[in-house]
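Following: one structure in structure tokens, then a few remarks.
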Amino acid sequence: MSEARRVLTSVRNPRVIELAKLHDARRRRAAEQTLVEGPHQLADVLAFGASVVEVFHTEEDADAAAMAAAAEVPATAVSQAVLRRIAGTDHPRGPVAVVQIPEPDPLVAVDTVVLWDVRDPGNTGAIVRTAAALGYAIAVTPGTADVWGPKAIRSAAATQFGARVSTLSGSALEVLESAGLHTMATVAAGGEDPSAVSSEGPVAVLIGNEAHGLPDEVAAAAATRVTVPLQGGVESLNAAVAAALTMYALKRG
């Protein structure tokens with residue numbers, strides 16, 4: 001009997017316990033693996049050429065088993081309780097796949113959105129998805145929610161597996177400028193309208209923390225500061241919305 005036909009039912013199984021630990025960022029970094037949930041996201045990561053280690057699906061999910069077989073990826077049938085334990089959600093949409101986290105891409109001179117201490121995985125994923133849709137690369141600072149976390153992957157619809165994702169540390173502004181990027185800080189007020197800004201080269205759009213925005217010294221040191229013009233007494237926007245509007249305006253400008 002093949003492994004895909006044996007049903008794993010115990011949530012206390014050592015393999016299940018280890019997989020559930022991938023919801024912790026430190027465990028993901030140590031294992032260099034993450035979890036991807038759902039048939040569409042599994043299909044996408046396979047299409048992007050990501051390294052899928054194993055697929056877990058319910059016994060009734062013949063489509064997932066067939067997808068894994070077609071991709072020559074090991075598959076294991078599990079109970080609904082085990083699928084919930086691995087996925088970390090109450091009502092997971094199987095299958096759940098273990099996927100190798102790609103190596104960071106080197107920073108290059110292409111339009112890039114920089115997530116600077118963006119803490120919410122939903123915002124992180126939403127920004128990644130918009131960046132991928134508009135042709136931006138992604139760069140993240142150490143304080144940002146893990147781009148490769150399951151929540152961020154769900155929010156991004158797994159588009160990070162098909163995008164350039166770089167990591168920044170140390171003097172991030174200097175690193176960006178050394179790569180040939182025009183640094184552009186998004187600020188709540190006092191900046192230029194991004195639709196009116198022109199740059200001769202590729203830009204690095206800096207998106208700050210949800211509550212505090214960019215550090216003052218970072219905003220001051222950036223080559224340009226931009227503000228999305230607002231009406232109706234609205235003072236600020238969600239970080240992911242501000243990022244989307246700014247990236248789109250710069251592409252249109």
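Residue numbers count from 1 along this sequence. Values below: every heavy atom of this structure, side chains too, minus hydrogens, waters and symmetry copies.
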Examine Ile138 and Ile127 and state if one hydrophobic cluster contains both, with Ile, Leu, Val, Met, Phe, Trp and Tyr joined whenever side-chain heavy atoms are less than 4.5 Å apart.
-> yes
Closest contact, heavy atoms only, Arg129 versus Ser155 = CD-O, 3.8 Å
Is there a donor-acceptor contact under 3.5 Å from the side chain of Thr183 to the main chain of Ala222?
-> no
Pro95 and His57 have their tightest heavy-atom pair at CB-CB, 4.0 Å
Cluster check Leu42, Phe48: I/L/V/M/F/W/Y, side chain < 4.5 angstrom | yes
Would a distance-only check, ignoring hydrogens and angles, find a side-chain to backbone donor-acceptor pair under 3.5 Å from Thr34 to Trp148?
-> yes
For Thr227 and Val187, indicate whether the former's side chain and the latter's backbone hold a donor-acceptor pair under 3.5 Å.
-> yes
Take atom CD of Glu217 as the centre, draw a 6.0 Å sphere, and report whether it contains more than 12 heavy atoms from other residues, nucleotides or ligands.
-> yes
Run the salt-bridge test on Lys21 and Glu18 with the 4.0 Å N-O cut-off and return the result as yes or no.
-> yes
From CD (Glu37) to CG (Leu83), nearest 0.5 Å = 7.0 Å
With side chains defined as the heavy atoms from C-beta onward, is the minimum distance between Asp111 and Lys251 less than 4.5 Å?
-> yes
When clusters are formed by joining ILVMFWY residues with side-chain heavy atoms under 4.5 Å apart, either directly or through shared neighbours, do Leu35 and Val45 land in the same one?
-> no
Taking the side chain as C-beta and beyond, is there a heavy-atom pair between Phe161 and Ile153 under 4.5 Å?
-> yes
Stepwise side chain to side chain contact (heavy atoms under 4.5 Å, CB included) check, Leu250 with Tyr136 = CA-CA 11 Å; Leu250 291 169; Tyr136 282 74; 3.6 Å; yes
Report the residue from Val96, Val98, Val73 that forms a side-chain contact (heavy atoms from CB on, under 4.5 Å) with Val55.
-> Val73
Measure the shortest side-chain to side-chain distance between Met67 and Leu46 over non-hydrogen atoms and say whether it is less than 4.5 angstrom.
-> yes
Report whether Tyr248 and Val203 are members of the same hydrophobic cluster (ILVMFWY, side-chain heavy atoms less than 4.5 Å apart, transitive linking).
-> yes
Taking all heavy atoms of Ala244 and all of Leu134, pick out the closest pair and write down the distance.
-> O-CD1, 4.4 Å
Quick one: CD1 on Ile17 to OG on Ser10, what's the gap to the nearest 0.5 Å?
-> 7.5 Å
Separation between OG1 (Thr124) and NZ (Lys151), nearest 0.5 Å, reads 12.0 Å
Count the heavy atoms belonging to other residues, nucleotides or ligands that lie under 6.0 Å from CZ of Arg164, then report whether that count exceeds 12.
-> yes
Is Pro102 close to Gln160 at the side-chain level, that is, under 4.5 Å between some pair of heavy atoms?
-> no
Any side-chain heavy-atom pair of Pro194 and Met247 under 4.5 Å | no
Would you indicate whether the side-chain heavy atoms of Gln80 and Pro92 approach each other to under 4.5 Å?
-> yes
Any side-chain heavy atom of Glu210 sitting closer than 4.5 Å to one from Asn238?
-> no
Is any side-chain heavy atom of Phe56 less than 4.5 Å from a side-chain heavy atom of Val82?
-> no
Test item: His23 side-chain N/O and Ala87 main-chain N/O as donor-acceptor pair under 3.5 Å | yes
Contacts of type side-chain hydrogen bond (donor to acceptor under 3.5 Å, both in side chains), residue Glu32, not counting sequence neighbours | none
CG of Leu176 to OG1 of Thr112, rounded to nearest 0.5 Å, is 7.5 Å
Spatial distance of atom CG (Leu115) from atom CG (Asn123) [nearest 0.5 Å] | 9.0 Å
Any sub-3.5 Å donor-acceptor pair from Thr186's side-chain atoms to Val226's backbone N or O?
-> no
On a heavy-atom basis, the closest approach of Ile207 and Ala239 is CG2-O, 3.9 Å
Val110: which other cluster members, linking ILVMFWY side chains closer than 4.5 Å, directly or transitively?
-> Val108
Grab the two heavy atoms, one from Ala179 and one from Leu107, that are nearest each other, plus how far apart they are.
-> CB-CD2, 3.9 Å
Can you find a side-chain donor-acceptor pair between Thr76 and Glu54 that sits under 3.5 Å?
-> yes
Short side-chain to backbone donor-acceptor contact, Thr144 and Asp117, under 3.5 Å | yes
Side chain Arg28, main chain Leu22, donor-acceptor under 3.5 Å = yes
For Arg225, check salt bridge (Lys or Arg N to Asp or Glu O under 4.0 Å) against everything at least two apart and list the hits.
-> none
Point-to-point distance, once rounded to the nearest 0.5 Å, from CG of Leu173 to CG of Leu206 = 6.0 Å
Between Ala109 and Leu181, which heavy-atom pair has the shortest distance, and what is it?
-> CA-CD2, 4.0 Å
Within one Ile-Leu-Val-Met-Phe-Trp-Tyr cluster: Val241 and Trp116, side-chain cutoff 4.5 Å = no
